K.L.:
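Please find one structure pasted underneath; my questions will follow.
In what follows, every chain begins at residue 1, and chains take the letters A, B, ... in the order their sequences are listed. These figures come from a predicted structure and were not determined experimentally.
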Number of protein chains: 2
Amino acid sequence: MRTLPHPATEAVRLDTVLTALADPLRRRIARQLSEGDAAQACGAFDLPVTKSTSTHHFRVLREAGVITQHYRGNKILNRLRADDLEDRFPGLLRAILLADGTNRHDPPQL
Amino acid sequence: MRTLPHPATEAVRLDTVLTALADPLRRRIARQLSEGDAAQACGAFDLPVTKSTSTHHFRVLREAGVITQHYRGNKILNRLRADDLEDRFPGLLRAILLADGTNRHDPPQL
DNA sequence: GTCGTACTACGAAGTGCGTCGTACAACTTT
DNA sequence: AAAGTTGTACGACGCACTTCGTAGTACGAC
């Protein structure tokens, strides 16, 4: 069984979280995870980039501590680390996802 | 009297705000503005970079809509757009500044 | 075992960002 | 007027990031 490395909650840094969520594509992934089912495979996201690029963005999110990734047979299940982030940076994830929701409709935000 | 352009509150975009505040130096400026006097000149910030770089970071913050800059004689007075940001993205600035405060002591965060 | 699926790894190309140095402009002080 | 202070403008450099294509790995289905 393959496994992927995740940072411990205490090791999650604000810099990397903000950098990760500054990208609209990665915010889109986080939002879909927060709205839909708890765990979704990478293929469940309809992103306007190639698979390579997609893999890259998921990795950035995982290494930043925003999501977890676990192999499940053929696929990888992605989950938002909402509780961990709430412990580490209270209110941050909620504020960003909320802001994204209100902001999303003005310009054609990707 | 020289003036500097600022984005309207409605024109402030989440992308640029997050990108602006993803940089520790710029977060440091925002935090000092939020803690100290309302208006502070650029020189009041003891930043470990040259004047050119400092100017660049203040500009990024202003163009993102995070601060205002107004000429006052020789200097430029900087203010945090806390109310504007609260209107546009409720809870976001507070969460980031709070997170930065709790995060600041672990590693030698610049 | 062979094929299809889901995703990764690696290298390449293009772009953007942070930093700096030098030169310059506006204002204050002397 | 001359000198000092405060900050800007512009160009350059190095580094990191985004994107992609190709090749490859792991797993499930046949």
Side-chain angles (χ1 to χ4, degrees), chain A residues 1-6 13-30 32-33 37 39-79 109-110, chain B residues 1-6 13-30 32-33 37 39-79 109-110:
Chain A
M1 184 66 137
R2 292 167 291 172
T3 60
L4 293 162
H6 297 80
R13 303 201 63 237
L14 181 59
D15 278 53
T16 48
V17 171
L18 287 181
T19 301
L21 293 176
D23 186 288
L25 214 73
R26 292 193 288 255
R27 231 160 37 231
R28 183 158 144 180
I29 294 172
Q32 179 168 336
L33 282 174
D37 292 343
Q40 301 179 47
C42 298
F45 298 78
D46 190 27
L47 304 175
V49 290
T50 64
K51 277 195 301 178
S52 316
T53 306
S54 187
T55 296
H56 163 71
H57 286 301
F58 277 101
R59 173 202 276 260
V60 170
L61 286 171
R62 172 172 50 80
E63 291 181 344
V66 178
I67 65 171
T68 61
Q69 296 193 288
H70 293 288
Y71 280 98
R72 184 83 164 196
N74 205 9
K75 310 179 178 181
I76 287 186
L77 292 186
N78 301 279
R79 281 176 234 262
Q109 178 140 340
L110 184 64
Chain B
M1 184 63 135
R2 292 168 291 172
T3 60
L4 293 162
H6 296 81
R13 302 200 64 237
L14 181 60
D15 277 52
T16 49
V17 171
L18 287 182
T19 301
L21 292 176
D23 186 287
L25 216 71
R26 292 193 287 257
R27 230 157 41 227
R28 184 159 143 179
I29 293 173
Q32 179 168 337
L33 282 174
D37 292 343
Q40 303 179 47
C42 298
F45 298 78
D46 190 27
L47 303 175
V49 289
T50 64
K51 278 195 301 177
S52 314
T53 306
S54 187
T55 294
H56 164 69
H57 286 302
F58 277 101
R59 173 201 276 259
V60 170
L61 285 171
R62 171 173 50 81
E63 291 182 345
V66 178
I67 65 171
T68 61
Q69 297 191 289
H70 293 289
Y71 281 99
R72 183 83 164 198
N74 206 10
K75 311 179 177 179
I76 286 188
L77 292 186
N78 301 279
R79 282 175 234 262
Q109 177 140 340
L110 186 66

K.L.:
According to salt bridge (Lys or Arg N to Asp or Glu O under 4.0 Å), does anything in residues 40-66 of chain A pair up with another residue at least two apart or in another chain? List the pairs.
P.N.:
Arg59(A)-Glu63(A)
K.L.:
What integer distance in Å separates Lys75(B):NZ from dT5(D):P?
P.N.:
12 Å
K.L.:
For dG7(D), take OP1 and OP2 only and decide whether either is under 4.0 Å from a side-chain N or O of Thr55(B).
P.N.:
no
K.L.:
To the nearest Å, how far apart are Leu21(B) CG and dG18(C) P?
P.N.:
12 Å
K.L.:
Kindly say if Arg59(B) contacts the phosphate of dA9(D), meaning a side-chain N or O under 4.0 Å from OP1 or OP2.
P.N.:
yes
K.L.:
State, to 0.1 Å, how close Val49(B) and Ser54(B) come at their nearest heavy-atom pair, and which atoms those are.
P.N.:
CG2-N, 4.0 Å
K.L.:
To the nearest angstrom, how far is Lys51(A) atom NZ from dT8(C) atom P?
P.N.:
10 Å
K.L.:
Just how far, in rounded Å, is P of dA9(D) from CZ of Phe58(B)?
P.N.:
15 Å
K.L.:
Rounded off to whole Å, could you give me the CZ-to-C1' distance for the Arg2(A) and dG24(D) pair?
P.N.:
12 Å
K.L.:
Is there a side-chain contact between Pro24(A) and Asp15(B) in this structure, where contact means two heavy atoms from C-beta onward sitting under 4.5 Å apart?
P.N.:
yes
K.L.:
Just wondering, do Gln40(A) and Asn78(A) contact through their side chains at under 4.5 Å, heavy atoms?
P.N.:
no
K.L.:
His57(A): what forms a side chain to side chain donor-acceptor pair (under 3.5 Å) with it, not counting sequence neighbours?
P.N.:
Arg26(A)
K.L.:
Report the residues that fulfil ring pair (Phe, Tyr, Trp, His ring centres under 6.0 Å) with His6(B), sequence neighbours left out, ordered by chain and then residue number.
P.N.:
His70(B)
K.L.:
What about Asn74(B), does its side chain sit under 3.5 Å from the base of dT5(D) through a donor-acceptor pair?
P.N.:
yes
K.L.:
Figure out the NE2/P separation between His70(A) and dT8(C), and round it to whole Å.
P.N.:
14 Å
K.L.:
Looking at residues at least two apart in the chain, or sitting in another chain, which of them share a side chain to side chain donor-acceptor pair (under 3.5 Å) with Thr53(B)?
P.N.:
Thr50(B)
K.L.:
Is there any protein nitrogen or oxygen under 3.5 Å from a nitrogen or oxygen in nucleotides 16-20 of chain D, and what are the pairs?
P.N.:
unit_1: dT18(D); atom_1: OP1; unit_2: Arg26(A); atom_2: NH1; d: 3.0
unit_1: dT18(D); atom_1: OP1; unit_2: Arg26(A); atom_2: NH2; d: 2.8
unit_1: dT18(D); atom_1: OP2; unit_2: His56(A); atom_2: NE2; d: 3.0
unit_1: dT19(D); atom_1: OP2; unit_2: His57(A); atom_2: NE2; d: 2.3
unit_1: dC20(D); atom_1: OP2; unit_2: Thr50(A); atom_2: N; d: 3.0
unit_1: dC20(D); atom_1: OP2; unit_2: Thr50(A); atom_2: OG1; d: 3.4
unit_1: dC20(D); atom_1: OP2; unit_2: Thr53(A); atom_2: OG1; d: 2.9

K.L.:
Which one, dT8(D), dC7(C), dA26(C), comes nearest to the side chain of Ile76(B)?
P.N.:
dT8(D)
K.L.:
Please determine, for dC30(D), whether a Watson-Crick or G-U wobble partner exists with both distances under 3.5 Å, and give it or none.
P.N.:
dG1(C)
K.L.:
If I take atom CG in residue Leu77(A) and atom C1' in nucleotide dA26(D), what distance separates them, rounded to the nearest angstrom?
P.N.:
15 Å
K.L.:
For the pair made of CG in Leu47(B) and P in dG7(D), what is the distance, rounded to whole Å?
P.N.:
11 Å
